[in-house]
Amino acid sequence: MSWTDERVEQLSKLWLEGRSASQIAAELGLGVTRNAVIGKVHRLGLAGRAKVVAPQAQGRTKAKAQVTAAPEVEEVEATVVPLRNVPTPIQDAVGELAIPPSERVTIMELRETSCRWPMGDPSHAEFRFCGAKTAIGSGPYCATHARLAFQPTQDRRRDRVERYARIA
DNA sequence: CCCTGATTCGC
DNA sequence: GCGAATCAGG
């Protein structure tokens with residue numbers, strides 16, 4: 001992979017939009033790390049512009065924080081909608097299992113250890129994933145939802161029948 | 001612990 | 001030029 005004109009353009013656009021290096025890296029994909037993004041940003045001269053007054057910024061060995069302000073960029077008011085967790089209901093749609101402590105997260109807030117059990121309507125902005133810590137390391141679900149997801153076929157069949165019965 | 005950007009330097 | 005490693009900080 002290399003920095004083609006197209007990728008550089010995409011990088012500049014996203015960076016100037018205020019996206020973080022890791023987000024940009026994820027978007028460019030294909031093994032691009034946030035370090036790669038940051039490094040390129042600096043080489044392009046798009047970096048900093050805001051803070052930095054600290055004279056004590058060290059890299060691998062020694063470094064003198066570059067205080068020289070980069071070309072000022074038009075301040076853009078970012079219209080960011082804070083996505084905060086909402087109070088957690090005591091029970092989920094199944095009506096049996098208690099939901100883990102309020103840690104529901106958006107897709108952007110999902111981490112490797114976040115329970116990926118979907119909660120709510122995926123077509124709505126309020127959609128969240130459970131977000132609780134996964135039960136076993138890299139497992140996709142927390143203990144509670146793992147039980148639901150990997151329920152014995154007998155129980156699952158029973159539930160399915162009950163659900164259909166409810167609808168009918 | 002999660003994340004952010006900044007910097008250096010071996011490649 | 002590139003970016004991993006590392007740093008300082010939120």
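In the text below, chain A, chain B and the rest are named by the order of the sequence lines, each starting its count at 1. In this text the structure is predicted, and so the values were computed from the model without any measurement.
Protein atom CG of A:Leu44 is 13 Å distant from nucleotide atom P of B:dA6, rounded to whole Å. Straight-line distance from the CH2 atom of A:Trp3 to the C1' atom of C:dG3: 10 Å, rounded to whole Å. Atom pair A:His42:NE2 and B:dT7:P shows a separation of 6 Å (rounding to whole Å applied). Residue A:Arg43 contributes atom CZ, which lies 15 Å from atom P of B:dG5 at whole-angstrom precision. Taking atom CG of A:Leu46 as the reference point, atom C1' of B:dT7 lies 17 Å away to the nearest angstrom. B:dG5 atom P lies 13 Å from atom CG of A:Leu16, rounded to whole Å. Computed from coordinates, the A:Lys40 NZ to C:dA4 P distance equals 14 Å when rounded to whole Å. Taking atom CG of A:Leu11 as the reference point, atom P of C:dC2 lies 11 Å away to the nearest angstrom.
Under the 30°/60° scheme for interplanar angles, the aromatic rings of A:Tyr141 and A:Trp117 are found to stand perpendicular.
In this structure, the side-chain contact (heavy atoms from CB on, under 4.5 Å) partners of A:Ala143, at least two apart in sequence or on a different chain, are A:Ala135, A:Arg147. Listed by chain and residue number, A:Glu17 satisfy the salt bridge (Lys or Arg N to Asp or Glu O under 4.0 Å) test with A:Lys13 (two or more places apart in sequence, or in another chain).
Each of A:Val41 and A:Leu110 has a nearest nucleotide on DNA chain B; the 5'-most of these lies closest to A:Leu110. DNA chain B is contacted by both A:Gln23 and A:Gly39; A:Gln23 maps to the nucleotide lying nearer its 5′ end (nearest heavy atom per residue).
The shortest distance between the side-chain N/O atoms of A:Ser22 and the OP1/OP2 oxygens of B:dT4 is below 4.0 Å.
Hydrophobic cluster membership is shared by A:Trp3 and A:Leu46, with clusters built from Ile, Leu, Val, Met, Phe, Trp and Tyr side chains linked at under 4.5 angstrom. Hydrophobic clustering, with ILVMFWY side chains joined whenever heavy atoms are under 4.5 angstrom apart, keeps A:Ile38 apart from A:Leu14. Hydrophobic cluster membership is shared by A:Phe127 and A:Leu110, with clusters built from Ile, Leu, Val, Met, Phe, Trp and Tyr side chains linked at under 4.5 angstrom.
More than 12 non-hydrogen atoms from other residues, nucleotides or ligands lie less than 6.0 angstrom from CG of A:Asp121.
The stretch residues 26-38 of chain A touches DNA chain B through A:Arg34, A:Asn35, A:Ile38, each having a heavy atom within less than 4.0 Å of the strand.
Counting any heavy atom pair closer than 4.0 Å across all strands shown, A:Ser2 reaches no nucleic acid atom.
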